[in-house]
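Please read these numbers as outputs of a predicted model, since none were measured by experiment.
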Amino acid sequence: MGLVSGLSATQALSRVSSAGIGGSACIDVLHDAADLKARYLPIPREMNDGLTAVATLVGKAGGRSPEYLGVAEGKLHYTLPENPGGPSVRSMFERAVGRRFPGLPLVEVVPRAVLDA
């Protein structure tokens with residue numbers, strides 16, 4: 001993400017919009033590396049109701065609600081807390097978002113190494 005993945009242990013630079021992939025301009029954000037949400041643009045208002053409905057659905061299915069971090073380069077970034085549902089909850093979440101926002105790319109931000117078979 002972005003041209004520079006990190007400037008130092010405390011400061012980072014993230015690209016949140018890119019004219020090369022359909023954005024109106026290239027927008028880079030210099031932020032505190034520990035502030036995860038500062039890396040993203042706010043979620044557009046017109047998406048709030050749909051994303052709230054998805055979070056409610058996931059919660060009712062026994063998972064913990066996702067945290068929506070924001071949008072960067074046209075992709076919705078989120079975290080899905082560890083839960084007993086594991087991959088099935090994540091799959092349900094991704095399908096529910098896809099039904100409400102077809103074609104919206106999703107990026108799960110995880111604090112652990114991911115091995116996808």
Side-chain angles (χ1 to χ4, degrees):
M1 182 170 132
L3 297 175
V4 179
S5 61
L7 298 174
S8 71
T10 59
Q11 295 292 311
L13 180 71
S14 298
R15 172 139 304 165
V16 295
S17 181
S18 175
I21 60 167
S24 59
C26 290
I27 301 172
D28 294 325
V29 177
L30 179 63
H31 58 89
D32 180 353
D35 186 0
L36 193 59
K37 285 192 170 187
R39 302 174 190 205
Y40 309 104
L41 294 173
I43 294 171
R45 258 185 260 235
E46 60 271 12
M47 295 177 70
N48 286 341
D49 289 344
L51 292 176
T52 299
V54 169
T56 301
L57 175 70
V58 170
K60 286 181 180 178
R64 291 194 290 169
S65 295
E67 178 183 1
Y68 302 113
L69 301 173
V71 177
E73 296 188 302
K75 299 173 187 145
L76 176 64
H77 293 252
Y78 70 95
T79 62
L80 199 56
E82 294 288 336
N83 61 62
S88 63
V89 170
R90 184 173 58 246
S91 178
M92 179 187 60
F93 167 77
E94 291 172 352
R95 284 192 313 272
V97 171
R99 280 192 302 272
R100 285 165 178 81
F101 305 101
L104 176 66
L106 299 174
V107 176
E108 183 178 11
V109 178
V110 294
R112 63 193 181 284
V114 177
L115 299 176
D116 199 4

Q: Side chains of V58 and S65: closer than 4.5 Å at any heavy-atom pair?
A: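 No, side chains not in contact.
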Q: Could you please spell out the steps behind the side-chain contact (heavy atoms from CB on, under 4.5 Å) verdict for V109 and Y40?
A: CA-CA 12 Å; V109 178; Y40 309 104; 3.6 Å; yes
Q: Hydrophobic cluster membership, with links at side-chain heavy-atom distances under 4.5 Å among I/L/V/M/F/W/Y: are I43 and L106 in one?
A: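 Result: yes, single cluster for both.
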Q: What distance separates T56 OG1 from L51 CG, expressed to the nearest 0.5 Å?
A: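 Reported value, rounded in 0.5 Å steps: 11.0 Å.
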Q: If you look at every heavy atom in G50 and R100, which pair is closest and at what distance?
A: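 Looking at all heavy atoms of both residues, the closest pair is O-CD, 3.4 Å.
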Q: Got a sec, which residues hit side chain to side chain donor-acceptor pair (under 3.5 Å) with R95, two or more places apart in sequence or on another chain?
A: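 Expected list: S91.
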Q: Can you tell me how far the CG atom of L104 sits from the CE atom of M47, to the nearest 0.5 Å?
A: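 L104 CG to M47 CE: 4.5 Å, rounded to 0.5 Å.
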Q: Please, which pairs that meet side chain to side chain donor-acceptor pair (under 3.5 Å) have at least one residue in residues 41-55, sequence neighbours excluded?
A: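 Residue pairs with at least one partner in residues 41-55: there are none.
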Q: I'd like to know whether F101 forms a side-chain contact (heavy atoms from CB on, under 4.5 Å) with V54, so could you lay out the CA-CA distance, the side-chain angles of the two residues, the decisive distance to 0.1 Å, and finally the verdict.
A: CA-CA 11 Å; F101 305 101; V54 169; 5.7 Å; no
Q: Measure across P66 and F93 and return the closest heavy-atom pair with its distance rounded to 0.1 Å.
A: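 Taking every non-hydrogen atom into account, CG-CE1, 3.6 Å.
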Q: Indicate the atoms forming the closest heavy-atom contact of P44 with V71, along with that distance.
A: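 Where P44 meets V71 most closely, the heavy atoms are CD-CG2, 3.9 Å.
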Q: Quick check: closest heavy atoms across G74 and P105, and the distance to 0.1 Å?
A: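 Heavy atoms only, the tightest pair is O-CD, 3.5 Å.
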Q: Could you tell me which residues satisfy side chain to side chain donor-acceptor pair (under 3.5 Å) with Y78, sequence neighbours excluded, listed by chain and number?
A: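 Partners of Y78 by the side chain to side chain donor-acceptor pair (under 3.5 Å) criterion, ordered by chain and then number, come out as E94.
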Q: Calculate, to the nearest 0.5 Å, the distance between atoms CE and CG belonging to M92 and L57 respectively.
A: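 Spacing of CE (M92) from CG (L57) equals 5.0 Å.
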